[in-house]
Amino acid sequence: MLAAIILLPFLYGIALACCGCKLSPRAGLFVLPVPIVLFLYFVWQIPRVAAGAGAAFSCPLLPQLGIDFALGLNGVSLIFALLISGIGALICCYSIGYLKPQENLTAYYCLILFFLGAMLGVVVARNLMVLYLFWEWTSVTSFLLIGFWHDRSRARYGAQKALFLTVCGGFCLFAAFVLLYTVAGSLDIDTLLQRKELILHSPAYIPILILTVLGAFTKSAQIPFHIWLPDAMEAPTPISCFLHSATMVKAGIYLLLIMTPLLGGNALWFAAVSGVGLLSLIWGAYQALKQTDLKAILAYSTVSQLGLIVALIGFGSQASLTAALFHTVNHATFKGSLFLVAGMIDHSCGTRDVRRLGGLAKVMPRTAVLAACGCLAMAGLPPFNGFLSKELFFGSALEAVSGNLAFLGGAAWLIPALAVLGSIFTFAYCLLILFRVFAGPLPAALPQTPHEAPRIMLWPSAILASFTLIIAFFPNLLARYLLTPAISGLLGETVRIHIAFWHGFNLSLLMTLLVFALGFALYKAWPQARKLFFGLPKLCSANAVYDRLIPGNGLIAAAGKVTDLYMTRRLQDYIVFNLLFFLCMTLGSIFCHVHGLRLLPEISPVSPFAYAWAACIIAAAIAVVRSQNRIPAVLSLGAIGYSVSFFFAVFCAPDLALTQLLIETVSLALFFLAFRHLPASFADKPQSRRRKRFNLLIALLTGCCVSLVALIGQSNRMFSGISGYYVENAKALTGGSNIVNVILVDFRGLDTMGEISVIAVAAIGVFVLIGLSPVKPFNRQGGDRQ
Amino acid sequence: MKPYAKTKTSETLSNKTDRAAGSPKTPQAEPTAPRDASKGNPLILQTSIRWLVYIILFLAFFLFWYGHHAPGGGFIAGLITAAAVLLAYLALGSRWLHSLDFDFKYLVAIGLSLALVCGLAAVLLGRPFLTHSFGVLSLPLLGDIQWTTATVFDLGVYCTVCGACLSIITAIGESGRDGRPDRKVHIPGRQNPRHKDEA
């Protein structure tokens, strides 16, 4: 059931793509049932997960490598799954009103469905490699969705940047998982938890930790990898809301959460995770203050809020993990609704620049109410859910000073101080958004006359905004049914979670009041403070580093230069490179093991007939080299091939002989098809004498090397061959008696799968290469266009 | 540059071959008609090919079907099929190829999908990827027939190999033409579906 649920969006998306029909804007209504069904399924699972019996599914995928297609719902994954499917449903609904009918809606909804499935896969996977697979899928779908309006160069740049950074992080994650497998011998998350001691005491622990954290930070846009997120705002607004604030960027949070019991618990983890989180919190909030584009403000604010959650995970106590999960939910509600509001403003005013907007409360009163809910919740004002999680955040920060981060000594007091500073910035930009956009006079020159957005766009935002209040008034509903099972499952002990509005007069209340006071002061003094903020010298910009390193003259140009080094456009050179590499590797390994190898003088008897045949092959080979014209050369080459197949037949390998015969025939015929594109004679491109000598040397060495390997292989039996096993078991295990075929299709089926994929890629490659050449090839449309 | 005379003779040889293939470079070729390899081909080959192709295809089927027990299999059968089509292409020219109106790249996709589906079917049944099963089916009249799911996989190999070879062959063989079939010529006994596209 769980597997079917995860595969449902994929199958539905493929079906949608296969339909191929041009979808009308209302097509969102056809897609909408999928996330709703998923959401209902996960709601249905809540009591089961709370009882510790969530749905699970497992089937072996590559058992030899420890990879099972294992899925399972536990408390943490259920919270994320509910967020993903719930917001996914709202987004589908919102997109109906947002997208214009002439856009490529099929691709849009397909990608949303694929993303939905991949993201659910990330949170329910119980095997790390399956998690990694879905993880990369989310990166790819995010890339395609950011570049949805691919005719804009900024969209292409943003998509490339996001893909580059998240995939680099993905590789780090992959390396971490491989290291975990080599250390603990399993990729199953539950098994790994049982072998925690093994991991903690292995020398690979630090690399694993760093690589995992890198993977999570790139995905969750933490400093200094946050630069992709503002550029990702080129995506359509529902996508920004869904992927880049509510769900995909939370994948890093999810990873950190599930890795906390496994890797957490030492000073490096606490310092790295909470340090980067706090820095992102402050830097994101500071940058958000300086932005003028509504979506850019929200993007930096997402960086900052994610930083807050990451810092909470870094504190590592039970209370802080609870706060992290709680804020994940809260952030999804208020930021989701704010993004949808930003989309509505863009949709009805034609601009998102806060300098040009103002006074919208008069013409868009409903939108203004929704924006107020979102902004005030983000600012942490009561009675919104942001207030509760901010209180918990300050409490955890104070607790960390004497708790997990006590090893920092007096410097640990920086943590609550930084938390307060970040929150002051947050408070200020929330008020700025709200009052600059909605208060004041209505500007005269707007690209469009502002009007209230259609209901189909208002409702999703209203649902999210109402949750900011519902959660604030009934936090313990969430705590009891979702947070308690999640934290209990995560820490492996039964916990009781109670979230209260009023904590009494204590330090965290004081901090909250300080934030309100200073934040309001900063908002009031913004015209003066603005000059100060922009006057600060730019120390170092991660964007500048990226722009210098990657596009343009950076990495891509360098890669081009390296490629030009060996891509000489001469086939002879390519063959020489290949052979040289082969020689180095083979002769090198023979040289390294020269003491353990024997060369036995006795070889099997060879009939004089075979000698004569071999002489024919040699003669044909010489004829190939000596001929001045292509046709005799190719015919001689064919003679060699046929002779070799004859050898196969003589030495009782009929399958090989048949294959060789056919390959020879087909390639010979192929040559005559290609013949008219080639100069008939070799004489027009003469090779220098030195070059010829060098090629001769390489050829002779290769021939000797291959003979040597054959002789060594024949003289040294280091382990018993596997052929005996095939001969004995072919009939019993596969029902076939032709061992060659049985090995191809059954015993080593995966190899064959890889080989036919290579053949397919080669065919496509040839087609594309010839298709891209100035001479137009045969294709189906080619005739009709002329 | 020693064997100058030899070079010259071989060039004349190549020219002859070109002429036999009806190259446009040679002045003898008709200047107006699009170049078609079938022009200069012997009539015997063109006539016999229509039968030969079926015989070769039958051989391919035979080798495919008995591949599990005797020499053969999907790879070899795919190559034989490709060779059969190639032979017909050489004999009848690109007009015949266009009259087929089939894109061999689809065959590659079908083959890969077949192999993948065959592998995934095992996963759905709770076995590792690409696990095969086999058994014996008793049919009236035909007797006992051994079946194995590996045949489906082998069919995937067959389609991929055949499709890939033919895609490469047609891509190279048709390159340099304008990709336009001679529309005035109608192959007897075959409705050319390309005419529909032109409308």
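Note on naming: letters A, B, ... go to the chains in the order of the sequence lines (proteins, then strands), and numbering restarts at 1 for each one.
Counting heavy-atom pairs closer than 4.5 Å to chain B, the top-ranked of the candidates A/L61, A/D655, A/L744 is A/D655. Listed options B/A115, B/S167, B/G74 were ranked by heavy-atom pairs under 4.5 angstrom with chain A; first place goes to B/A115. Most heavy-atom pairs under 4.5 Å with chain B, from the set A/A669, A/P60, A/G735: that is A/G735. In terms of heavy-atom pairs under 4.5 angstrom with chain B, the leader among A/L673, A/V742, A/V745 is A/V745. In terms of heavy-atom pairs under 4.5 Å with chain B, the best-connected choice from A/L661, A/L656, A/D68, A/T659 is A/T659. Contacts with chain A were tallied for B/C165, B/P128, B/G73, B/A150; B/P128 has the most, counting heavy-atom pairs under 4.5 Å. Of the listed residues (B/V136, B/V108, B/D154), the greatest number of heavy-atom pairs within a distance under 4.5 Å of chain A belongs to B/D154.
Remark: B/Y66 OH is loosely packed, at most 12 non-hydrogen atoms of other residues, nucleotides or ligands lying under 6.0 Å away. Residue-environment remark: CZ (B/F58) stays at or below the threshold of 12 foreign heavy atoms within 6.0 Å.
Looking at B/L124, neither its backbone nor its side chain comes within 4.5 Å of chain A, counting heavy atoms on both sides. Of the two parts of A/I739, neither the backbone nor the side chain holds a non-hydrogen atom closer than 4.5 Å to a non-hydrogen atom of chain B. Only the side chain of B/L86 comes within contact range of chain A, judged by heavy atoms closer than 4.5 Å. Neither the backbone nor the side chain of A/I764 comes within less than 4.5 Å of any heavy atom of chain B. At a 4.5 Å heavy-atom cutoff, the contact between B/F129 and chain A is made by backbone and side-chain atoms alike.
Here the CD1-CG distance, from B/I169 to A/L670, works out to 5.5 Å after rounding to the nearest 0.5 Å. Taking CD1 of B/I168 as the start and OG of A/S667 as the end, the distance is 11.0 Å to the nearest 0.5 Å. Rounded to the nearest 0.5 Å, atoms CD1 (A/I770) and CD1 (B/I172) are 4.5 Å apart. Interatomic distance, CG of A/L658 versus CD1 of B/I80, reported as 6.5 Å (0.5 Å rounding). Remark: B/T170 OG1 to A/F767 CZ distance equals 8.0 Å, nearest 0.5 Å.
Among all heavy-atom pairs drawn from A/K731 and B/F134, the shortest one is O-CZ, 4.1 Å.
A donor-acceptor contact under 3.5 angstrom links the side chains of A/N741 and B/H68, judged on distance only.
A donor-acceptor distance shorter than 3.5 angstrom exists from the side chain of A/N738 to the backbone of B/A70, with no hydrogens or angles considered.
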Problem set entry | Stepwise side chain to side chain contact (heavy atoms under 4.5 Å, CB included) test for A/T734 and B/T148 | CA-CA 8 Å; A/T734 68; B/T148 160; over 6 Å; no
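Residue-level contacts of residues 750-763 of chain A with chain B, in order of numbering, are A/L750, A/T752, A/M753, A/I756, A/S757, A/I759, A/A760, A/A763; threshold 4.5 Å between heavy atoms.
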